[in-house]
Colleague: 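Here it is, the structure, as structure tokens.
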Amino acid sequence: MTDTASQQPTDLPPAWEPATVEAELYERWVDAGYFAPDPDSDAPPFCIVLPPPNVTGSLHMGHALDHTLMDALTRRRRMQGYATLWQPGMDHAGIATQNVVERELSREGKTRHDLGREAFVERVWEWKGEYGGRILGQMRRLGDGVDWSRDRFTMDEGLSKAVQTIFKRLYEDGLIYRAERIINWCPRCLTALSDIEVEYADDEGELVSIRYGEGDNSIVVATTRAETMLGDTAVAVHPDDERYKHLVGTEVELPLTGRRIPIVADEHVDPEFGTGAVKVTPAHDPNDFEIGRRHDLPNITVMDERANITAHGPFEGLDRFEARPAIVAALREQGRIVAEKRPYVHSVGHCSRCDTVVEPRLSLQWFVKVEPLAREAGNAVRDGRTTIHPADLSKRYFDWVDNMHDWCISRQLWWGHRIPVWYGPNDKVICVGPDEEPPSGEEWTQDPDVLDTWFSSALWPFSTLGWPDETAHLDKFYPNSVLVTGYDILFFWVVRMMMFGLYAMDGKQPFDNVYLHGLIRDAAGKKMSKSRGNVIDPLEWLDRFGADAVRFTLARGANPGSDMALAEEWAAGSRNFGNKLWNATRFALMNGATVASVVPPRDQLTDADRWILDLTDAVVSEVDGLFDDYQFAKLSDALYHFTWDELCDWYLEIAKVQIGEGGARADATRAVLGHVFDVVLRLLHPLVPFVTERLWTTLTGDESLVVAEWPKPTGAAADADAAQRIAGVQKLVTEVRRFRSDQGVKPGQRVKAKLVGVEDAGLGSLATAVSSLARLEAPGDSFTPSASIEVSLPGGHVHVELDLSGTVDLAAERKRLEKDLAVAEKELKGCDAKLNNPNFTDKAPTEVVAKIKGRREVAVADIARITARLEIFGG
RNA sequence: GGGCGUAUAGCUCAGCGGAAGAGCACUCGGUUUACACCCGAGCGGUCGUAGGUUCGAUCCCUACUGCGCCCA
């Protein structure tokens, strides 16, 4: 395929074959520059920044969903004439990337320390150049309309400058500080983690009760982490706990160590849990650390960075999990183990990167003081600067920002933005800004740590636009229009971007809207995971079903905030829809549909024409509203239903008849077909860009649907009478089809029939269409009706007499009538029950009562008609 | 332990105060010249359980049960 526009409709193959076309269409869009906006244009701005994927990552279904929705939003806005920027890029994923390269090194028998910091970082850049960013190529497969000329990476020079700038500002405002605190430590990654990088899971452990002290002065504590007892510096009880009041203020000997530790009273202790007495290990537990601070207890660290025991004695050098049973055994030998519960299921934190059990560790780290930033982030949503969709999720957002802990931002890694702080003689500390020279001289050293990746990606909505420089893009596209991401990322992305955006941009929110979609699940609604083996690779689906099918499947499942289940059948269904659209448009083209000519005035059109034009208008308005409301599932469904159930199943069939008439009628029908397909292809383009592009350029001969105008309703008043008559045709046709099916008449077989009363019912002009759709033919001379169908329509009753040229299956006919009768009788009963209830007639609104009365009349008439028919059958 | 969400057809989900819906699956019949990635006709639900509010409840309220998520 080279030049779509000049192709003849007959060149379109009988099925849509995405694999042969997609890549070429995509490259043409990129080359044409459609995705790169002009920041100086007068058009209103629309901007989405892609939440930057991890440089080590590859496309998974969650991305595919995310990207489909972002692409749909930007494509629509572009068609609406906005200056549209979808900003792509990647983040450097500190821990993940360092892990990948360290694994590579270990295969060579080396560690990063063999290389040294500088050479290691060089090596990571090499890796990034060679293997990083696979996902960028995969985004092209999906059809992502991003501005590739603005591709960014969080470690780029410009973005690094942004990091250094904001670090210094926060530091000078006292919002970044360094302190010795208990942080989450991964003994395998050898770095601090933030709270949200820890995942809690129920693990089987043990609960051991240990007696400290002797005789009357002894006290029993319960713990799941016996190995930490070497670092205990107190035992705590609740101040009101009568059992221990006499012991508060005394000391007990800490077993195995000979140290004497105080018994303190602290409100924090839960007297209901265990014995009501807890061991206090301030250097190895965050709660104990707080107790320690309140009671001035010493912090005794008993493990090193790899979680091996450092306390002197027989346990020195043991791993924490080896030390635990060893210490319990030693205590048991002394008769100090009072009770043991095994297995004891409790919640344990794991490193989100490598799943190692996290060790709370006392260490000197950098923190962001989040309280003032988080408060402002909350306010921005409370006062409507930013709107969260769906609104229900705002509550979760508030819960989070209102209770956020200070954010540990230092990481003991080499890959990342190095903390721009220098330490000099006499405890001098200097924070160096981007345009400043770091202090020189051997007595000055830079902080060895790097910043959390989220620190730099929190700047993404403005750092990618050029901040801290004043650029045309920043001016035009900040605040971003909407951030699209999964609700599971609310705390990772949204909160951090909000905090930094509001801070850096003087209270201007990073985005006007946040759209949160759900998670992808398997067909049974289970979360996808490697261990479950239920992961669906979007690339496989892209190969098998095409990008449009994958996109449509995801859009169709995207109800705001709720998860979606996926199975192959869904994708196959979407592929079928694409093919349906393909063939329907191909049919229109083969019949000479054209958008070149103007649709004739309404009074020269048929009921069917006016009906489909009105429906087209309605679907334009509906889809538009649903787009504004981020209702992707509903708008996809609306388009699916309109295209398949209305346009293809009814209008195209009627159009066949109208084109068969020839002359002006055929020309008018071609114009209507052209208009309707033009509109529906435009409406579908944001969801299924490839198939629509291919069809639309053929239909119109224009350059590209990417930059075509988004449809607006024509504003014509809907013709309710035409709609009612078409509904009548549908009912009539359906009744005949139903009868044929009951009677076992082959679908292709024409049946001689006489339509009595069609003129009176107002369907005279549609009789030919009815005959065509119901496969009826003219009665002819030898017409002997052997069956009849009666259909009540708003305009009157239509009686269809059929010559089945053979015996009629009376049993089938009676069965049908009895079934219909039962329905009508049930309806009558229900209506009577209401109408005979004075409470209903008195209290219900008059229009409701009138409606029920109307339904009752219909039921009564149906019963009379059906009963009469049954009598004819001798039933 | 605290908080939140959810329970509708075999499956996945819409609907959320006045006649139970969709897609898929299933059954039956089809070479209907756009499409078998199709066409036509069907089958299938006392809307988790028990109370309450209301003339009226799948829809609102309460409790319970199941499932899921977040936080500690």
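Each chain gets a letter, A, B and so on, in the order the sequences are listed, and its residues count up from 1.
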Colleague: Check every atom of B/rG30, B/rA41, B/rC37 against the side chain of A/P747 and return the nucleotide holding the closest atom.
Modeller: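 Selected nucleotide (nearest to the side chain): B/rG30.
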Colleague: Which listed nucleotide (B/rC38, B/rA19, B/rC37) is nearest to the side chain of A/K851?
Modeller: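 Out of B/rC38, B/rA19, B/rC37, the nucleotide with an atom closest to A/K851's side chain is B/rA19.
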Colleague: According to a strict under-4.0 Å criterion, is A/W644 in side-chain N/O contact with OP1 or OP2 of B/rC37?
Modeller: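 A/W644 to B/rC37 OP1/OP2: no side-chain N or O under 4.0 Å.
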Colleague: Which part of the nucleic acid does A/A523 contact within heavy-atom distance under 4.0 Å: base, sugar-phosphate only, or nothing?
Modeller: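 Sugar-phosphate, no base atom in range.
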Colleague: Determine the contact category for A/A588: base if any of its heavy atoms lies under 4.0 Å from a base atom, sugar-phosphate if only primed atoms, P, OP1 or OP2 are that close, otherwise nothing.
Modeller: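 Since no nucleic acid heavy atom lies under 4.0 Å of A/A588, the category is nothing.
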Colleague: Any N or O donor-acceptor pair linking the side chain of A/R737 to the base of B/rA41 at under 3.5 Å?
Modeller: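 No pair found.
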Colleague: In terms of side-chain heavy atoms of A/N583, which of B/rG18, B/rA34, B/rG5 is nearest?
Modeller: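 Output: B/rA34.
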Colleague: I want to check one thing: is the phosphate of B/rG15, taken as OP1 and OP2, less than 4.0 Å away from some side-chain N or O of A/K634?
Modeller: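 So the side-chain polar atoms of A/K634 do come within 4.0 Å of the phosphate oxygens OP1 or OP2 of B/rG15, strictly under.
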Colleague: Whether A/K746 contacts B/rG29 is assessed here as follows: a side-chain N or O lying under 4.0 Å from the phosphate OP1 or OP2. Is that the case?
Modeller: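 Indeed not, no polar side-chain atom of A/K746 lies that close.
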Colleague: Pick the C1' atom in B/rC13 and in B/rG56, then give their distance to the nearest Å.
Modeller: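 Rounded to whole Å, the distance is 28 Å.
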Colleague: Across all strands, who's sitting opposite B/rU46 as a Watson-Crick or G-U wobble pair, both distances under 3.5 Å?
Modeller: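 Check on B/rU46: unpaired, no WC or wobble geometry under 3.5 Å.
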Colleague: Within the pair A/T553 and B/rG23, is there a side-chain N or O less than 4.0 Å away from OP1 or OP2?
Modeller: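 No, outside the criterion.
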Colleague: Between A/Y651 and A/T616, is a side chain to side chain contact (heavy atoms under 4.5 Å, CB included) present by the stated rule, with each step listed?
Modeller: CA-CA 11 Å; A/Y651 186 72; A/T616 306; over 6 Å; no
Colleague: Less than 3.5 Å between a donor and an acceptor, one on the side chain of A/Q743 and one on the base of B/rA41, is that the case here?
Modeller: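 Donor-acceptor pair under 3.5 Å: no.
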Colleague: Could you work out which one of B/rG23, B/rA34, B/rC55 sits closest to the side chain of A/N837?
Modeller: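 The listed nucleotide nearest to A/N837's side chain is B/rC55.
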Colleague: For B/rG10, give the paired nucleotide (Watson-Crick: N1-N3 plus N6-O4 or O6-N4; G-U: N1-O2 and O6-N3; both under 3.5 Å), or none.
Modeller: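 By the stated definition (distances under 3.5 Å), B/rC24 pairs with B/rG10.
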Colleague: So which nucleotide from B/rG40, B/rC71, B/rC70 ends up closest to the side chain of A/W400?
Modeller: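 Of all the options, the side chain of A/W400 is nearest to B/rC71.
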Colleague: In whole angstrom, give the distance that lies between atom CD of A/Q749 and atom P of B/rA41.
Modeller: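 To the nearest whole Å, that distance equals 17 Å.
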Colleague: Taking the same atom, P, in B/rU58 and in B/rG48, what whole-Å distance lies between them?
Modeller: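 About 10 Å, rounded to a whole number of Å.
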Colleague: Which nucleotide wins on minimum distance to the side chain of A/S562, given the candidates B/rA14, B/rC35, B/rC55?
Modeller: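 Of the options given, the side chain of A/S562 lies nearest B/rA14.
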Colleague: Please determine if a side-chain N or O atom of A/R521 lies less than 4.0 Å away from the OP1 or OP2 oxygen of B/rU12.
Modeller: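 No, outside the criterion.
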Colleague: Using whole Å, report how far CZ of A/R396 lies from C1' of B/rU6.
Modeller: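 It is 13 Å, rounded to the nearest whole Å.
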Colleague: How many whole angstroms separate atom OH of A/Y651 from atom P of B/rC35?
Modeller: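 One finds 20 Å between P of B/rC35 and OH of A/Y651, rounded.
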Colleague: Just checking A/P838: base, sugar-phosphate only, or nothing, at a heavy-atom cut-off of under 4.0 Å?
Modeller: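 A/P838: no heavy atom of the nucleic acid under 4.0 Å.
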Colleague: For B/rG10 and B/rC26, measure between their P atoms and round to the nearest Å.
Modeller: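 After rounding to an integer number of Å, I get 15 Å for this pair.
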Colleague: In the strands shown, is B/rG1 matched to any nucleotide by a Watson-Crick or G-U wobble pair with both distances under 3.5 Å, and which?
Modeller: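 For B/rG1, the partner nucleotide comes out as B/rC71, under the 3.5 Å rule.
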Colleague: A/V733 or A/E827: which one's nearest nucleotide on RNA chain B is closer to the 5' end?
Modeller: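 Counting from the 5' end, the first nearest nucleotide belongs to A/E827.
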Colleague: Describe the nucleic acid contact of A/Y640 in one word from base, sugar-phosphate, nothing, applying a heavy-atom distance below 4.0 Å.
Modeller: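 Sugar-phosphate only.
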Colleague: Cation-pi between A/R556 and A/W570: NZ/CZ under 6.0 Å from ring centre and within 45° of the ring axis?
Modeller: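 No, A/R556 does not lie over the aromatic ring of A/W570.
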Colleague: Please report the distance separating the P of B/rC64 from the corresponding atom of B/rC55, rounded so that it comes out in whole Å.
Modeller: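 Between the two P atoms, the distance is 28 Å.
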Colleague: Just to confirm, is there a sub-4.0 Å distance from OP1 or OP2 of B/rA34 to any side-chain nitrogen or oxygen of A/K656?
Modeller: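 So the side chain of A/K656 is within the cut-off, an N or O lying under 4.0 Å from OP1 or OP2 of B/rA34.
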Colleague: Within 45° of the six-membered ring axis of A/F398 and under 6.0 Å from that ring's centre, is NZ or CZ of A/R382 located there?
Modeller: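 Relative to the ring axis of A/F398, which defines the angle, A/R382 lies inside both limits.
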Colleague: Please report the distance separating the C1' of B/rC69 from the corresponding atom of B/rA63, rounded so that it comes out in whole Å.
Modeller: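 Roughly 23 Å separates the two C1' atoms.
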Colleague: Expressed as a whole number of angstroms, how long is the span from A/K580:NZ to B/rC35:P?
Modeller: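 Result: 10 Å.
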Colleague: Which base, if any, makes a Watson-Crick or G-U wobble pair with B/rG18, both distances under 3.5 Å?
Modeller: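 WC or wobble partner is B/rC55.
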Colleague: Using the P atom as the point on both nucleotides, what is the distance between B/rC70 and B/rG15, in whole Å?
Modeller: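 After rounding to an integer number of Å, I get 24 Å for this pair.
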Colleague: Just compare B/rC38, B/rA19, B/rC13 and give me whichever is closest to any side-chain atom of A/N559.
Modeller: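 The answer is B/rC13, which lies nearest to the side chain.
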Colleague: Testing A/R814, A/R738, A/K815 for salt bridge (charged side-chain N to carboxylate O under 4.0 Å, His left out) with A/D820, which one passes?
Modeller: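 Testing A/D820 for a salt bridge (charged side-chain N to carboxylate O under 4.0 Å, His left out) against A/R814, A/R738, A/K815 leaves exactly one candidate, A/R738.
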Colleague: Starting from the 5' end of RNA chain B, give me the residue, A/T734 or A/A565, whose nearest nucleotide shows up first.
Modeller: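 Mapping each residue to its closest nucleotide by heavy atoms, the 5'-most match is A/A565.
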Colleague: Send over the distance from A/D742 CG to B/rC28 C1', rounded to a whole Å.
Modeller: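 Going from A/D742 (CG) to B/rC28 (C1'), I get 11 Å.
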Colleague: In terms of side-chain heavy atoms of A/C648, which of B/rA34, B/rC24, B/rG18 is nearest?
Modeller: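 The closest nucleotide is B/rA34.
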Colleague: Between B/rG3 and B/rU8, how far apart are the two P atoms, rounded to whole Å?
Modeller: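 Between the two P atoms, the distance is 25 Å.
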Colleague: Keeping A/R551 on the side-chain end and A/L687 on the backbone end, is there a donor-acceptor pair under 3.5 Å?
Modeller: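 Such a contact is found between A/R551 side chain and A/L687 backbone.
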Colleague: Taking atom P of B/rG2 as reference, at what distance in whole Å does atom CG of A/N403 sit?
Modeller: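 One finds 17 Å between P of B/rG2 and CG of A/N403, rounded.
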Colleague: Give a yes/no verdict on a cation-pi contact between A/R586 and A/W696, requiring under 6.0 Å between NZ or CZ and the six-membered ring centre and an angle within 45° of the axis.
Modeller: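 Relative to the ring axis of A/W696, which defines the angle, A/R586 lies outside at least one limit.
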Colleague: Atom CG of A/L490 and atom C1' of B/rC69: how far apart are they, to the nearest Å?
Modeller: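 That distance rounds to 13 Å.
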Colleague: Considering only atom P, compute the distance from B/rG68 to B/rU12 and round it to an integer number of Å.
Modeller: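 One P to the other, the span is 13 Å.
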Colleague: Using a cut-off of 4.0 Å on non-hydrogen atoms, how would the nucleic acid contact of A/E653 be classed: base, sugar-phosphate, or nothing?
Modeller: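 Counting heavy atoms under 4.0 Å across all strands, the contact made by A/E653 includes a base.
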Colleague: Given B/rG40, B/rG42, B/rA34, identify the nucleotide with an atom nearest to the side chain of A/R816.
Modeller: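 Taking heavy atoms from C-beta onward, the closest nucleotide is B/rG42.
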Colleague: Among B/rG5, B/rG42, B/rG18, find the nucleotide with the atom closest to the side chain of A/R738.
Modeller: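 From the listed options, B/rG42 comes nearest.
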Colleague: Sort out the partner of B/rC38 for me: Watson-Crick or G-U wobble, both distances under 3.5 Å, none otherwise.
Modeller: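 In the structure as shown, B/rC38 has B/rG30 as its Watson-Crick or wobble partner.
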Colleague: Just how far, in rounded Å, is C1' of B/rC37 from CG of A/D548?
Modeller: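 For the pair A/D548 CG and B/rC37 C1', the rounded distance is 14 Å.
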Colleague: Under a 4.0 Å N-O cut-off, is there an ion pair linking A/K656 with A/E653?
Modeller: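 The answer is yes: the pair qualifies as a salt bridge.
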Colleague: So A/L566, base contact, sugar-phosphate only, or nothing? Heavy-atom distance under 4.0 Å.
Modeller: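 No contact at all - A/L566 keeps every heavy atom at 4.0 Å or more from the nucleic acid.
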Colleague: Return the orientation label for the A/F632 and A/Y515 ring planes: parallel under 30°, perpendicular over 60°, tilted otherwise.
Modeller: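 Perpendicular, since the angle between the ring planes exceeds 60°.
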Colleague: Checking the side chain of A/D522 only, and the main-chain atoms of A/G525 only, is there a donor and an acceptor separated by less than 3.5 Å?
Modeller: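 Present.
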Colleague: Please work out which of the three classes, parallel, tilted or perpendicular, describes the rings of A/W493 and A/W454, given edges at 30° and 60°.
Modeller: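 Perpendicular, since the angle between the ring planes exceeds 60°.
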